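Since the structure comes first, as structure tokens, the remarks are kept for the end.
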Amino acid sequence: MDASEGSGRKDFIRTIIEADLKNHKHETVVTRFPPEPNGYLHIGHAKAICLNFNIAEEYGGVCNLRFDDTNPVREEEKYIQSIKEDVRWLGYDWGEREFYASDYFERLYQFAVKLIQKGKAYVCDLTAEEIREYRGTLTAPGRNSPYRDRSAEENLDLFERMKNGEFADGSRVLRAKIDMASPNLNLRDPVIYRILRARHHRTGDKWCIYPTYDFTHGQSDSIEGITHSLCSLEFEDHRPLYDWFIEQLEIFHPQQIEFARLNLTNTVMSKRKLLDLVQSGQVDGWDDPRMPTLCGLRRRGYTPEAVRDFCSRIGVAKRESVVNMALLEHCLRQDLNDRAPRVMAVLNPLKVIIDNYPQDQEETLPFQNHPEDPDMGSREVPFSRVLYIEKDDFREDPPKKFFRLAPGREVRLRYAYYITCVGVDKDEQTGEVEALHCTYDPATRGGGSPDGRKVKGTLHWVSAAHAAEAEVRLYGPLFSEPESGEKTDKAVKREVNPDSLQVLTGCRVEPSLKGAAPGSLYQFERIGYFCVDVKDTTDRLPVFNRAVSLRDTWARIQKAQEPKG
RNA sequence: UGGGGUGUCGUCAAGUGGUAAGACACGGGCCUUUGGAGCCCGCAUUCGGAGGUUCGAAUCCUCCCACCCCAGCCA
């Protein structure tokens, strides 16, 4: 694998792990991906998933899937299903190693009891507001709770009664007894258990007290024998607390290593902001193809291979960064270039009549499914007198470097014939071009020229009488500005990019696309990669989502030609 | 004004005292029955800043600056 080959391309986490293995600090590697089942996974999670699962595989270890389900009011079974589906889709298999923090509730309770017995935890009757007030500030130390010095016996009794449901929700908490003057706020007697009468999706009504995340995560890692607990930067401050629990409890000590989470240009990554987009109706649900969610990317046409390639290319480090969306798109193009069958589709049809092609004649022409991969075979595509080409492929008054069709100009129809534009039909009122008249050269059948003459352009086309109708959805960046406001709240309030979705109706696709399987991927030649939409495609009308466009050199030339202003 | 982090090309990112990898993007060329793909070339005399140590520093020392995280009974 990558980690063992190459010299300079190992990230700091793998460097640490290799040292630990070499020193025999650990003989094996156990990692985990620990999502909270309260939302859908996005590309940022994919970074963590790939990191944890790949490391386990590279070093001959294992990776657990563990749901950190310690807050029943926010978590739901449906998220567990979607998370499992997404991890599986990415191509990872956790085998039997599917765990739940809630499976450890009994043990966690015993851990808490142990802390109380050691005089390291106490039941506190302060209200939430009072606790906050007693905590102090960033610069001022906190004050001890008046309940801090209760005896172990009293604490044990109270804690048991908390568990037994004798007290009202929120009336008391169990706190670790550490140091109210610590400059690290996490060490100022943090709450480790709260009373919460909420039905848990897995343990039902068995518990009315729940451990906090801080009291759960590290110990769950310990219980599972996680050697390297990889998490995001914001937990750096919590590490001393987790270490304190582990030491007090005298249990296996996993090593936490923090890395920077993924940010991407022109989108947002936080669950809250994504939820805002969904709830405000600015997008069409979690799997809207514009969303950076895994279900959104999947529906858009992203492949797990492309996502994994992306995750391996972005690297892992501690500095916070924003990766350019162009890299993600590049990964998809690279993957799909090899695998997507090529087809013809005309998004904005312009009628072309081949004047010298016999009225009632039609024929079939062989097309390669992939010009660089003969193994993908070929197909027959019908040709006839009336065709459609792309509106953009004709200019009555062509600018410099425009290689496509124009009056008097000859171009090649892909795999078909050379045609020359001999006339333009226009609407008398508007002057809009309605159809083109062309002549074809029968000697160029298949697209080659026996006399060796060259044409500068090759156009895609469909036969009007044979083509199928389709709806095509073109997607652009969710937000128009690169810094999409991972940092500021107003960013989400800003509307999504008005050009993020463009729906094209009346598109014409070659007949082989009739009945294309939902989810299947194609390259529309000269346009981009498209995925048959799994939700809205019907028997009568296929819907195609543009996963990513092809690199468009002409667009760049045009842009360069634009008068600057 | 407390604590914890981070600062290397437009964007990611290697480099850990021996004289700045790679990728994306960008620019140029070749090739081409996708203006696609592929191929070739170019792209940081410089590593947040200023001093210092050293024959030699992005790497060590000092000071300074900028940015991020922390005051949930969220995770």
Side-chain angles (χ1 to χ4, degrees), chain A residues 6-11 34-36 38 68 70-71 73-75 124 126-128 131-133 135-142 169-175 182-188 190-196 209-210 212-214 216-217 231-240 258 260 265 271 313-331 333-334 337-338 342 344 368 371-372 401-404 412-416 418 444 446-449 454-460 482 487 523-528 549-557:
Chain A
S7 48
R9 31 163 327 179
K10 207 171 300 154
D11 58 71
E36 182 190 14
N38 74 339
D68 272 343
T70 56
N71 187 354
V73 310
R74 309 213 314 187
E75 295 150 10
C124 182
L126 255 26
T127 64
I131 287 181
R132 190 187 318 132
E133 194 182 306
R135 186 153 32 223
T137 68
L138 293 179
T139 51
D169 282 14
S171 61
R172 285 180 226 259
V173 293
L174 184 69
R175 293 226 254 167
S182 172
N184 182 343
L185 303 226
N186 295 122
L187 265 21
R188 320 244 261 227
V191 170
I192 60 178
Y193 261 94
R194 70 276 217 194
I195 303 171
L196 197 60
I209 56 171
Y210 291 95
T212 58
Y213 172 85
D214 275 348
T216 306
H217 192 85
C231 66
S232 44
L233 256 26
E234 69 267 29
F235 293 104
E236 221 150 10
D237 285 347
H238 296 239
R239 178 158 29 90
E258 307 84 8
T265 59
K271 280 181 188 171
R313 285 174 187 248
I314 56 178
V316 185
K318 296 199 72 156
R319 78 182 77 103
E320 296 187 65
S321 57
V322 184
V323 176
N324 206 302
M325 185 65 83
L327 181 60
L328 215 209
E329 295 181 335
H330 167 82
C331 293
R333 284 195 192 97
Q334 186 157 293
N337 179 49
D338 294 337
R342 268 91 237 238
M344 298 289 159
Q368 291 192 265
E372 273 128 39
K401 293 186 181 172
F402 183 85
F403 299 153
R404 286 111 98 139
R412 170 166 43 236
L413 293 180
R414 178 82 156 151
Y415 293 129
Y418 284 12
T444 58
S449 54
K454 304 274 191 208
V455 287
K456 301 209 86 169
T458 299
L459 312 186
H460 60 279
K487 290 165 190 170
Q523 186 200 86
F524 288 179
E525 289 211 34
R526 304 209 304 132
I527 302 176
S549 66
L550 248 30
R551 276 184 68 223
D552 191 346
T553 305
W554 169 236
R556 234 175 295 166
I557 293 170

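The structure presented is a predicted model; accordingly, all values stated were derived computationally and were not measured. First the proteins, then the strands, lettered A, B, ... as listed; each starts at 1.
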Same-atom distance (C1') from A14(B) to U8(B), integer angstrom: 10 Å
Rounded interatomic separation in angstrom, taking CG from N184(A) and C1' from C69(B): 11 Å
Under 4.0 angstrom between R135(A) side-chain N/O and G72(B) OP1 or OP2: yes
Ring geometry between Y213(A) and F235(A) (parallel below 30°, tilted from 30 to 60°, perpendicular above 60°): tilted
Separation of the C1' atoms in A20(B) and C30(B), to the nearest angstrom: 30 Å
C70(B) phosphate, OP1 or OP2, under 4.0 Å from R188(A) side-chain N/O: no
Sugar-phosphate, base or nothing in reach of F235(A), heavy atoms under 4.0 Å: base
P-based separation of U6(B) from G15(B) [nearest Å]: 15 Å
Sugar-phosphate, base or nothing in reach of R319(A), heavy atoms under 4.0 Å: base
Nucleotide-resolved protein contact map, nucleotides 22-35 of chain B, B/S/- at heavy-atom distance under 4.0 Å: -SSS-S-----BBB
Modelled atom types, side-chain donor and acceptor of T458(A) and R414(A), under 3.5 Å: no
Distance in angstrom units between K318(A) NZ and C12(B) P, rounded: 18 Å
Paired and unpaired positions of RNA chain B as dot-bracket, Watson-Crick or G-U wobble under 3.5 Å, | denoting a partner strand: .(((((((.[[[..)..(...]]].(((((.......))))).....[[[[[..)....]]]]])))))).....
Touch class at under 4.0 angstrom, heavy-atom based, for S182(A) against every strand present: nothing
Nearest-angstrom distance from the residue atom CD of E75(A) to P of C74(B): 11 Å
T70(A) side chain near A75(B) phosphate (N/O to OP1/OP2, under 4.0 Å): yes
Sugar-phosphate, base or nothing in reach of H238(A), heavy atoms under 4.0 Å: base
Spacing of the P atoms in A21(B) and U46(B) (rounded, Å): 14 Å
Same-atom distance (P) from G35(B) to C41(B), integer angstrom: 25 Å
Nearest-Å distance for atom pair CD/C1', residues E234(A) and C70(B): 10 Å
Interatomic distance, I314(A) CD1 vs A13(B) C1' [rounded to whole Å]: 11 Å
Nearest-Å distance for atom pair CD/P, residues E133(A) and A71(B): 17 Å
Syn/anti label of G51(B) as read from its glycosidic torsion, with the cut at 90° from 0: anti
Whole-Å C1' distance, G10(B) and A44(B): 12 Å
Sugar-phosphate, base or nothing in reach of R74(A), heavy atoms under 4.0 Å: base
Nearest-nucleotide comparison on RNA chain B, the residue closer to the 5′ end among G315(A) and N71(A): G315(A)
H330(A) side chain reached by R313(A) side chain, heavy atoms, under 4.5 Å: yes
Residue met sooner reading RNA chain B from 5', once D237(A) and I195(A) are mapped to nucleotides: D237(A)
Sugar-phosphate, base or nothing in reach of L187(A), heavy atoms under 4.0 Å: nothing
Pairwise P distance, G22(B) and U16(B) [rounded to whole Å]: 16 Å
Reported CZ-to-CZ distance for the pair R135(A) and R188(A), which is rounded to 0.5 angstrom: 8.5 Å
Rounded distance in Å between the P positions of U11(B) and A25(B): 15 Å
Rounded distance (Å) that lies between atom P of G36(B) and atom CD of E329(A): 16 Å
